[in-house]
Amino acid sequence: MKLENLNFSQLLPAFMRSDPTNQALGTGLDKIIPKIAAQIRLLSTWDHIDELEEQELDQLAWELNILWYDYGANIETKRDLVRNSDLVYKRLGTKWAAESVIQSYFTKGHVTEWFEYDGKPGTFRICATARGITQEKIDKFISLLKKVKRASAQLERMEIESPPLETILYFGGTLVPSYEQTVLPQWSPARTLRTSAKTGGMICSTMTTVLPPLEVI
(Lines give C-alpha, C1' and ligand atoms only; values in the text may rest on other atoms or scores of the structure.)
Protein backbone atom coordinates (compact mmCIF):
# COMPACT_ATOMS: atom_id res chain seq x y z
CA MET A 1 0.00 0.00 0.00
CA LYS A 2 1.32 3.41 -0.99
CA LEU A 3 0.51 6.78 0.49
CA GLU A 4 -0.92 7.91 -2.86
CA ASN A 5 -3.72 5.29 -2.66
CA LEU A 6 -4.01 4.82 1.07
CA ASN A 7 -6.84 2.81 2.61
CA PHE A 8 -6.45 3.63 6.27
CA SER A 9 -9.40 1.53 7.38
CA GLN A 10 -7.49 -1.62 6.42
CA LEU A 11 -4.68 -0.60 8.77
CA LEU A 12 -6.97 -0.47 11.77
CA PRO A 13 -7.04 -3.44 14.16
CA ALA A 14 -10.04 -5.72 13.62
CA PHE A 15 -11.73 -4.69 16.87
CA MET A 16 -11.69 -0.98 15.79
CA ARG A 17 -13.02 -1.34 12.27
CA SER A 18 -16.68 -1.62 13.29
CA ASP A 19 -16.59 1.65 15.23
CA PRO A 20 -18.29 4.42 13.13
CA THR A 21 -15.93 7.03 14.56
CA ASN A 22 -12.85 5.09 13.46
CA GLN A 23 -14.38 4.48 10.05
CA ALA A 24 -14.99 8.21 9.62
CA LEU A 25 -11.41 8.95 10.71
CA GLY A 26 -10.08 6.44 8.19
CA THR A 27 -12.15 7.91 5.37
CA GLY A 28 -10.91 11.41 6.21
CA LEU A 29 -7.27 10.34 6.26
CA ASP A 30 -7.72 8.58 2.92
CA LYS A 31 -8.46 12.00 1.40
CA ILE A 32 -5.80 14.02 3.25
CA ILE A 33 -2.72 11.76 3.20
CA PRO A 34 -2.45 11.39 -0.63
CA LYS A 35 -2.34 15.19 -1.00
CA ILE A 36 0.43 15.45 1.59
CA ALA A 37 2.34 12.62 -0.11
CA ALA A 38 2.23 14.52 -3.42
CA GLN A 39 3.71 17.60 -1.73
CA ILE A 40 6.46 15.57 -0.07
CA ARG A 41 7.88 14.72 -3.50
CA LEU A 42 8.50 18.42 -4.08
CA LEU A 43 11.00 18.51 -1.21
CA SER A 44 13.64 17.08 -3.52
CA THR A 45 13.42 20.21 -5.68
CA TRP A 46 16.20 21.83 -3.65
CA ASP A 47 18.52 19.03 -4.69
CA HIS A 48 17.92 19.74 -8.39
CA ILE A 49 17.86 23.53 -8.70
CA ASP A 50 20.59 23.40 -11.34
CA GLU A 51 18.39 21.08 -13.42
CA LEU A 52 15.13 23.04 -13.21
CA GLU A 53 13.72 24.72 -16.30
CA GLU A 54 13.12 28.47 -16.31
CA GLN A 55 9.36 28.12 -15.87
CA GLU A 56 9.89 25.82 -12.90
CA LEU A 57 12.20 28.38 -11.29
CA ASP A 58 9.60 31.11 -11.81
CA GLN A 59 6.92 28.95 -10.21
CA LEU A 60 9.17 28.06 -7.28
CA ALA A 61 10.03 31.73 -6.73
CA TRP A 62 6.32 32.55 -6.63
CA GLU A 63 5.66 29.75 -4.12
CA LEU A 64 8.56 30.90 -1.93
CA ASN A 65 7.47 34.54 -2.21
CA ILE A 66 10.94 35.77 -3.19
CA LEU A 67 10.26 39.51 -3.21
CA TRP A 68 13.55 40.38 -4.93
CA TYR A 69 13.15 37.80 -7.72
CA ASP A 70 13.48 39.13 -11.27
CA TYR A 71 11.36 37.21 -13.79
CA GLY A 72 13.23 38.89 -16.62
CA ALA A 73 16.71 37.83 -15.49
CA ASN A 74 18.75 35.10 -17.16
CA ILE A 75 18.38 31.55 -15.91
CA GLU A 76 21.66 31.47 -13.97
CA THR A 77 20.68 34.60 -12.03
CA LYS A 78 17.30 33.04 -11.27
CA ARG A 79 18.96 29.89 -9.95
CA ASP A 80 21.18 31.92 -7.62
CA LEU A 81 18.23 33.93 -6.32
CA VAL A 82 16.20 30.80 -5.59
CA ARG A 83 19.14 28.89 -4.11
CA ASN A 84 20.01 31.69 -1.66
CA SER A 85 16.45 32.82 -0.89
CA ASP A 86 16.21 31.12 2.52
CA LEU A 87 19.49 32.63 3.71
CA VAL A 88 18.55 36.08 2.42
CA TYR A 89 15.17 35.90 4.17
CA LYS A 90 16.91 35.05 7.44
CA ARG A 91 19.21 38.07 7.06
CA LEU A 92 16.96 40.68 5.47
CA GLY A 93 18.13 44.20 6.22
CA THR A 94 21.79 43.24 6.60
CA LYS A 95 24.86 43.93 4.50
CA TRP A 96 25.12 40.19 3.77
CA ALA A 97 21.63 40.06 2.25
CA ALA A 98 22.33 43.05 0.00
CA GLU A 99 25.66 41.60 -1.17
CA SER A 100 24.06 38.22 -1.89
CA VAL A 101 21.57 39.84 -4.26
CA ILE A 102 24.32 41.99 -5.83
CA GLN A 103 26.44 38.93 -6.56
CA SER A 104 23.44 37.13 -8.08
CA TYR A 105 22.75 39.96 -10.53
CA PHE A 106 26.30 40.97 -11.38
CA THR A 107 29.56 39.11 -11.88
CA LYS A 108 30.65 40.18 -8.41
CA GLY A 109 30.16 43.12 -6.09
CA HIS A 110 30.24 44.38 -2.54
CA VAL A 111 28.76 46.99 -0.21
CA THR A 112 30.83 49.67 1.52
CA GLU A 113 29.14 51.20 4.54
CA TRP A 114 29.45 54.84 5.53
CA PHE A 115 31.95 54.31 8.36
CA GLU A 116 34.30 52.53 5.94
CA TYR A 117 34.75 55.63 3.76
CA ASP A 118 33.93 58.42 6.24
CA GLY A 119 30.54 59.11 4.69
CA LYS A 120 27.24 60.35 6.02
CA PRO A 121 25.85 58.08 8.75
CA GLY A 122 23.31 55.60 7.40
CA THR A 123 24.54 55.69 3.79
CA PHE A 124 26.34 53.06 1.77
CA ARG A 125 27.95 52.55 -1.63
CA ILE A 126 27.90 49.65 -4.06
CA CYS A 127 30.75 48.55 -6.32
CA ALA A 128 29.89 45.83 -8.83
CA THR A 129 31.47 44.18 -11.86
CA ALA A 130 29.37 43.49 -14.94
CA ARG A 131 29.60 43.42 -18.71
CA GLY A 132 26.97 44.87 -21.04
CA ILE A 133 25.10 46.70 -18.28
CA THR A 134 22.09 48.81 -19.25
CA GLN A 135 20.18 51.55 -17.49
CA GLU A 136 17.08 49.35 -17.48
CA LYS A 137 18.91 46.61 -15.59
CA ILE A 138 20.30 49.13 -13.11
CA ASP A 139 16.85 50.57 -12.43
CA LYS A 140 15.45 47.06 -11.96
CA PHE A 141 18.24 46.12 -9.59
CA ILE A 142 17.78 49.23 -7.44
CA SER A 143 14.05 48.58 -7.15
CA LEU A 144 14.75 45.03 -5.93
CA LEU A 145 17.53 46.18 -3.63
CA LYS A 146 14.97 48.15 -1.64
CA LYS A 147 13.33 44.86 -0.64
CA VAL A 148 16.44 43.39 0.99
CA LYS A 149 18.37 46.36 2.39
CA ARG A 150 17.75 47.94 5.76
CA ALA A 151 14.91 50.46 5.43
CA SER A 152 16.95 53.23 7.05
CA ALA A 153 20.03 52.63 4.87
CA GLN A 154 20.42 55.04 1.95
CA LEU A 155 22.23 54.20 -1.28
CA GLU A 156 24.62 57.08 -1.92
CA ARG A 157 26.62 55.88 -4.91
CA MET A 158 26.98 52.92 -7.25
CA GLU A 159 30.00 52.09 -9.39
CA ILE A 160 30.03 49.40 -12.07
CA GLU A 161 33.29 48.12 -13.51
CA SER A 162 33.61 46.16 -16.72
CA PRO A 163 35.72 43.00 -16.39
CA PRO A 164 39.27 43.48 -17.68
CA LEU A 165 39.70 42.90 -21.40
CA GLU A 166 42.88 40.94 -21.92
CA THR A 167 44.69 41.14 -25.21
CA ILE A 168 47.80 39.11 -25.82
CA LEU A 169 50.27 40.62 -28.23
CA TYR A 170 52.99 38.46 -29.71
CA PHE A 171 56.35 39.96 -30.63
CA GLY A 172 58.98 38.00 -32.45
CA GLY A 173 62.42 38.68 -33.66
CA THR A 174 65.68 37.10 -34.71
CA LEU A 175 69.22 38.10 -35.38
CA VAL A 176 70.38 37.37 -38.91
CA PRO A 177 73.47 35.19 -38.76
CA SER A 178 76.58 37.03 -39.93
CA TYR A 179 80.27 36.50 -39.73
CA GLU A 180 83.49 38.21 -40.49
CA GLN A 181 86.61 36.29 -41.39
CA THR A 182 90.04 37.50 -40.47
CA VAL A 183 93.07 35.37 -41.33
CA LEU A 184 95.93 35.66 -38.88
CA PRO A 185 99.16 33.70 -38.80
CA GLN A 186 98.64 30.30 -37.14
CA TRP A 187 95.00 31.17 -36.43
CA SER A 188 91.91 29.48 -37.84
CA PRO A 189 89.10 31.57 -39.36
CA ALA A 190 86.77 33.27 -36.88
CA ARG A 191 83.72 31.28 -35.87
CA THR A 192 80.26 32.07 -37.15
CA LEU A 193 77.99 33.70 -34.56
CA ARG A 194 74.35 32.58 -34.63
CA THR A 195 71.78 33.83 -32.10
CA SER A 196 68.10 34.68 -31.75
CA ALA A 197 65.92 36.71 -29.39
CA LYS A 198 62.27 36.39 -28.39
CA THR A 199 60.00 38.64 -26.40
CA GLY A 200 56.32 38.74 -25.43
CA GLY A 201 53.79 40.82 -23.58
CA MET A 202 50.18 41.25 -22.53
CA ILE A 203 47.91 44.28 -22.38
CA CYS A 204 44.73 44.51 -20.29
CA SER A 205 42.28 47.32 -19.59
CA THR A 206 39.46 47.99 -17.14
CA MET A 207 36.58 50.40 -17.63
CA THR A 208 34.73 51.86 -14.65
CA THR A 209 31.28 53.42 -15.02
CA VAL A 210 30.28 55.82 -12.26
CA LEU A 211 26.55 56.43 -12.27
CA PRO A 212 25.12 59.96 -11.93
CA PRO A 213 24.07 60.98 -8.40
CA LEU A 214 21.29 58.66 -7.31
CA GLU A 215 18.07 59.58 -5.64
CA VAL A 216 18.38 58.52 -2.00
CA ILE A 217 16.39 55.31 -1.44
Side-chain angles (χ1 to χ4, degrees), residues 45-54 56-168 201-217:
T45 299
W46 291 100
D47 301 330
H48 307 286
I49 289 180
D50 290 334
E51 301 172 11
L52 295 180
E53 300 293 337
E54 193 161 1
E56 294 174 314
L57 291 169
D58 293 344
Q59 179 65 24
L60 187 58
W62 178 83
E63 293 177 1
L64 297 173
N65 193 30
I66 304 177
L67 302 176
W68 55 95
Y69 189 79
D70 182 5
Y71 290 90
N74 61 61
I75 192 168
E76 292 304 324
T77 297
K78 291 182 177 182
R79 286 198 175 105
D80 281 342
L81 293 173
V82 171
R83 184 183 294 109
N84 299 326
S85 60
D86 277 0
L87 293 175
V88 173
Y89 256 124
K90 292 178 181 178
R91 305 175 185 181
L92 279 179
T94 66
K95 177 180 178 180
W96 188 95
E99 289 186 330
S100 176
V101 175
I102 291 170
Q103 292 167 8
S104 293
Y105 275 90
F106 303 106
T107 305
K108 60 181 179 178
H110 64 273
V111 170
T112 305
E113 300 196 71
W114 65 271
F115 52 83
E116 298 178 279
Y117 61 90
D118 196 24
K120 182 180 178 181
T123 60
F124 67 97
R125 296 175 178 176
I126 291 176
C127 182
T129 303
R131 194 186 301 277
I133 195 69
T134 63
Q135 186 63 46
E136 181 181 0
K137 185 173 182 178
I138 293 172
D139 293 340
K140 181 66 175 179
F141 165 75
I142 292 177
S143 68
L144 297 173
L145 178 67
K146 296 179 182 180
K147 300 177 182 179
V148 298
K149 75 177 185 66
R150 189 173 67 254
S152 60
Q154 301 176 346
L155 177 59
E156 180 185 50
R157 179 172 175 170
M158 183 173 179
E159 295 183 4
I160 300 179
E161 295 183 352
S162 296
L165 299 175
E166 296 186 355
T167 302
I168 300 177
M202 182 179 71
I203 297 177
C204 67
S205 62
T206 302
M207 180 178 66
T208 302
T209 302
V210 180
L211 302 181
L214 298 171
E215 178 183 355
V216 174
I217 63 172

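The model shown is predicted, which means the values in this text are computed figures rather than measured ones. This chain uses plain numbering: 1 for the first residue, then up along the sequence.
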Exercise. Crowded around Glu51 CD? As in, over 12 foreign heavy atoms under 6.0 Å?
Worked result: yes
Exercise. Does any non-hydrogen side-chain atom of Phe124 lie less than 4.5 Å from one of Thr112?
Worked result: no
For this session: Taking Ser100 for its side chain and Ala97 for its backbone only, find out whether a donor-acceptor pair lies under 3.5 Å.
Result: no
For this session: Give, for atom CD1 of Ile133 and atom CZ of Phe141, the distance between the pair rounded to the nearest 0.5 Å.
Result: 9.0 Å
Exercise. If you look at every heavy atom in Ile75 and Leu57, which pair is closest and at what distance?
Worked result: CG1-CD1, 3.8 Å
For this session: Rounded to the nearest 0.5 Å, what's the gap from CZ on Arg157 to CD1 on Ile126? Could you check?
Result: 12.5 Å
Problem set entry | Results of ring pair (Phe, Tyr, Trp, His ring centres under 6.0 Å) for Phe115 - residues two or more places apart only | none
For this session: Carefully, step by step, assess Ile160 and Ile138 under the rule side-chain contact (heavy atoms from CB on, under 4.5 Å).
Result: CA-CA 10 Å; Ile160 300 179; Ile138 293 172; 3.8 Å; yes
Seminar exercise, completed: Note: Ala130 and Phe106 closest approach over all heavy atoms is CB-CD2, 3.5 Å
Problem set entry | Spacing of Leu92 atom CG and Thr94 atom OG1 [to the nearest 0.5 Å] | 7.5 Å
Problem set entry | By side chain to side chain donor-acceptor pair (under 3.5 Å) - contacts of Asp50 (at least two apart) | Arg83
Problem set entry | Within residues 118-128 or reaching into it, pairs that qualify as side chain to side chain donor-acceptor pair (under 3.5 Å) - sequence neighbours excluded | Tyr117-Thr123, Arg125-Glu156
Exercise. Nearest 0.5 Å, what's the CG-CD1 distance between Asp80 and Ile49?
Worked result: 9.5 Å
Exercise. Should we say atom CH2 of Trp96 is surrounded by more than 12 heavy atoms from elsewhere, each under 6.0 Å from it?
Worked result: yes
For this session: Mind checking the CZ-CG spacing from Arg79 to Leu81? Nearest 0.5 Å is all I need.
Result: 12.0 Å
Problem set entry | Asp70 side, atom CG; Ser143 side, atom OG - distance, nearest 0.5 Å | 8.0 Å
Exercise. Salt bridge (charged side-chain N to carboxylate O under 4.0 Å, His left out): which pairs involve residues 85-107, sequence neighbours left out?
Worked result: Lys95-Glu116
Exercise. Within the distance-only criterion (no hydrogens, no angle test), does the side chain of Asn84 pair as donor or acceptor with the backbone N or O of Leu87 below 3.5 angstrom?
Worked result: no
For this session: Apply ring pair (Phe, Tyr, Trp, His ring centres under 6.0 Å) to Tyr89 and list each qualifying residue two or more places apart in sequence or on a separate chain.
Result: Trp68
Seminar exercise, completed: Across all chains, not counting sequence neighbours, the side chain to side chain donor-acceptor pair (under 3.5 Å) partners of Asp58 are Tyr69, Lys78
